[in-house]
> 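Once you've had a glance at the structure underneath, I'll fire off some questions.
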Protein chains: 2
Amino acid sequence: MAPRKKATSVPNSPVSMADLARELGVSMTTVSRALSDHFSIGPEMKLKVQKLAKKYNYQPNRMASALRKGQSKLLGIIVPYLEGRFFPKVVRGMETAASRAGYNVVICQSNEDLTHERRNIESLLSAQVAGILVSVSRTTDDFRHFEKVRGRGLPLVFFDRMMPGDALNAVVLDDREGGYLATRHLLAQGGRRVAHFGGLQQLTIYRNRYQGYRDALAEAGLPVEEELTYFGDNTEEAGAEAMRRWLALPNPPDAVFAAGDYAALGAMQEAERQGLVVPTDMAVGGFSNETFTPIAKPSITTVDQRCDEMGQAAVRLLLELIDAQAQGLDFASRQLVLRPELIIRESSQRLGRLSPTPEPLADAAVQ
Amino acid sequence: MAPRKKATSVPNSPVSMADLARELGVSMTTVSRALSDHFSIGPEMKLKVQKLAKKYNYQPNRMASALRKGQSKLLGIIVPYLEGRFFPKVVRGMETAASRAGYNVVICQSNEDLTHERRNIESLLSAQVAGILVSVSRTTDDFRHFEKVRGRGLPLVFFDRMMPGDALNAVVLDDREGGYLATRHLLAQGGRRVAHFGGLQQLTIYRNRYQGYRDALAEAGLPVEEELTYFGDNTEEAGAEAMRRWLALPNPPDAVFAAGDYAALGAMQEAERQGLVVPTDMAVGGFSNETFTPIAKPSITTVDQRCDEMGQAAVRLLLELIDAQAQGLDFASRQLVLRPELIIRESSQRLGRLSPTPEPLADAAVQ
DNA sequence: TTGTAGGCGTTATCAC
DNA sequence: GTGATAACGCCTACAA
């Protein structure tokens, strides 16, 4: 039996196509077609149906439609976490783009954990999402769950962090370019010995930022010195620890490019604790344009990741895939690469003047 | 006909209960019951079914189940926006609690706009969510769309910002208490004339923070002076503007409690630009514990909103409502009030010592 | 303890 | 142009 409550207990019970059909004395087919603007329905009939639908505030039952079509109006999103600035901003862009196209987004967090990530995939498959957007967990070294998604013919788009391979759809930042721009800038500001705080090298994004660093050094004819590189988690403590090691060297660096803003901040603070002046004695550049970077004193030079664009682009790509698949077309896999933006602030500016008024925060919010 | 692709194009096509039933030579009923651990099924049969389900990696089609039961495993969330620290953190807590209970969350942004909010509601109703969590848009002054949700018998929980009325389920912060604690602290630090930067007074949260401010003044036997209050958006510029006005007074304040951290920061920076020393000449307290507050120099005293708890508590309340409704029980509406936490930092500490080492960032993240 | 059958709301196919 | 009907996958009242 239908588990729905009696009409008495639920006054505004949802209206179904059958209700409209009955009231108009036509068949459900007609109603369905009129609502989806099918060509075979006469214009005056269409109008009648649509007016009644509006009157009763008819909302199609998406579950029923999804069941019938094997295709819902839901997009699944898997992010490693929802802290910091990056992922919330990307998700924000995704939700905006999705809702413009009449889709809703379902969010899952993998907590940087493979097991969670697998469960997230199952859960989204079970929810019959029309496609999945995923930024791969840091600890993921087995990618069969993603293969399974593709095996089911479900469109899949990676963003920011992708699995290895070529035949993938993805939207990523040109992290190498970001590392290159930041390092070149530090060199241009008179850096002679530029150190690098690198993220964990399992993640492509961090390998690429490191590569950009090396490219910039190579371009300047400088060697990559092992003692000037440190790899760790992007945290203040790790950044401070790296700086302590560097300052204990016989020939310490005079600039540092950190692959993350938290590490940059920690390194900067440690340098100041040890009596150095930033940027004069030690220029600092970070990565991610975290909310605090324009506020820190000195404000921190960093690389912006175009979060919103990334989210919107990923959704657009996914919707194209869904469309193509609905039409039975083959779709060559595509990788979009967004260009990062170097944001120069006080922590790296040795030459030229500092801007007299600090720039306003990008993220100002009312809450 | 079934719109699904042929088996050749989709090798790992999803397995249905009918498939399992056929393979085992039993009825779908048996399979269905075995999978939901129904008492009427023998243990060895249960085992057989569950093993086969595992073998084929059977995932129930939630759309079908939802359609049948009139009840999905989706929770709808409406937030005004996904920027800043607060809402992403709350959503994070919601997703965590929801996924523990086997639910997925669907996110919508209202962009602080009534029209969007109405559309969000329609969209979630259409998606057949099992319940809705909403933080009301700032511009919303018509609440019929929420009444409609309740009219449909769909559980509704407000968080942080609720609509007016009593018979509501909600999880909110005790904003009055937060304002009171912050102001009392500023007075205890020797503030004689404490100013207040207030948010837009349409929102209850800001009215309550203002009320807390007045309560603390009253307790200290001080009057509320109109020239010491300023209302505006929580932005750096507005904070700076307020401070400019106050410093132009014949008898300027020596402390300020801002209902938002961005305004607190702006006010603090403006005071420093005018040559005052924070906290000695001007003590500053904010609200929200934004990511930048521990990093600013001086670090900013603020009120933490227990975001994660709020998200989790809201989901727990919603799930209770869903449960109660499934059992046909009546559920007295309930309002949970979370106690805020005053976080004392450098911007307000005139007495006692400043902590020698700055605390680590709460939000350190790897991205 | 297990099976049969009907229906949730929508849409695609076929017939008129 | 329009209508009747079957099916999507699951759940459950009822029968056996």
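The structure displayed is predicted, hence computed values, not measured ones. Every chain is numbered from 1 and lettered A, B, ... according to where its sequence line falls, protein lines coming before strand lines.
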> Over all strands shown, is A:R62 touching base, sugar-phosphate only, or nothing at heavy-atom distances under 4.0 angstrom?
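It contacts nothing in the nucleic acid.
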> Measure the distance from NZ on A:K69 to P on C:dG9 and round it to the nearest whole Å.
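Checked: the NZ to P distance equals 18 Å.
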> Indicate, with a heavy-atom threshold strictly under 4.0 Å, whether A:M17 touches base, sugar-phosphate, or nothing.
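Base: the residue A:M17, judged by heavy atoms under 4.0 Å, touches a nucleobase.
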> Separation of A:N61 atom CG from C:dT10 atom P, in whole Å?
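Taking CG of A:N61 and P of C:dT10, I get 6 Å after rounding.
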> Classify the nucleic acid contact of B:M28 as base, sugar-phosphate or nothing, counting any heavy atom under 4.0 Å across all strands shown.
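Answer is base: heavy atoms of B:M28 come under 4.0 Å of a base.
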> Identify whether any heavy atom of B:L67 sits under 4.0 Å from a base atom; if not, whether one sits that close to sugar-phosphate; answer base, sugar-phosphate or nothing.
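Touches a base.
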> Atom CZ of B:R33 to atom P of D:dT12: distance rounded to whole Å?
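Checked: the CZ to P distance equals 9 Å.
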> Given the structure, check if the side chain of A:R68 and the base of C:dT11 hold any donor-acceptor pair shorter than 3.5 Å.
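Between C:dT11 and A:R68, which were checked side chain against base, a qualifying N/O pair under 3.5 Å is present.
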> Just to be sure I understand the rule, does B:S32 reach a base, reach only the sugar-phosphate, or reach nothing, if contact means heavy atoms closer than 4.0 Å?
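Contact class for B:S32: base.
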> With a non-hydrogen cut-off below 4.0 angstrom, is B:F39 in contact with a base, only sugar-phosphate, or nothing?
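No contact.
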> Tell me what A:S16 touches on the nucleic acid: a base, only sugar-phosphate, or nothing, going by heavy atoms under 4.0 Å.
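Sugar-phosphate contact only - A:S16 comes under 4.0 Å of backbone atoms but never of a base.
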> Considering only side-chain heavy atoms of A:T29, which listed nucleotide, D:dT12, D:dG9, D:dT5, is closest?
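Of D:dT12, D:dG9, D:dT5, D:dT5 is nearest to the side chain of A:T29.
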> In whole Å, I'd like the distance from the CD atom of A:Q128 to the C1' atom of C:dG9.
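Rounded to whole Å, this separation is 16 Å.
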> Using a heavy-atom cut-off of 4.0 Å across all strands, would you classify A:S65 as base, sugar-phosphate, or nothing?
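Sugar-phosphate only.
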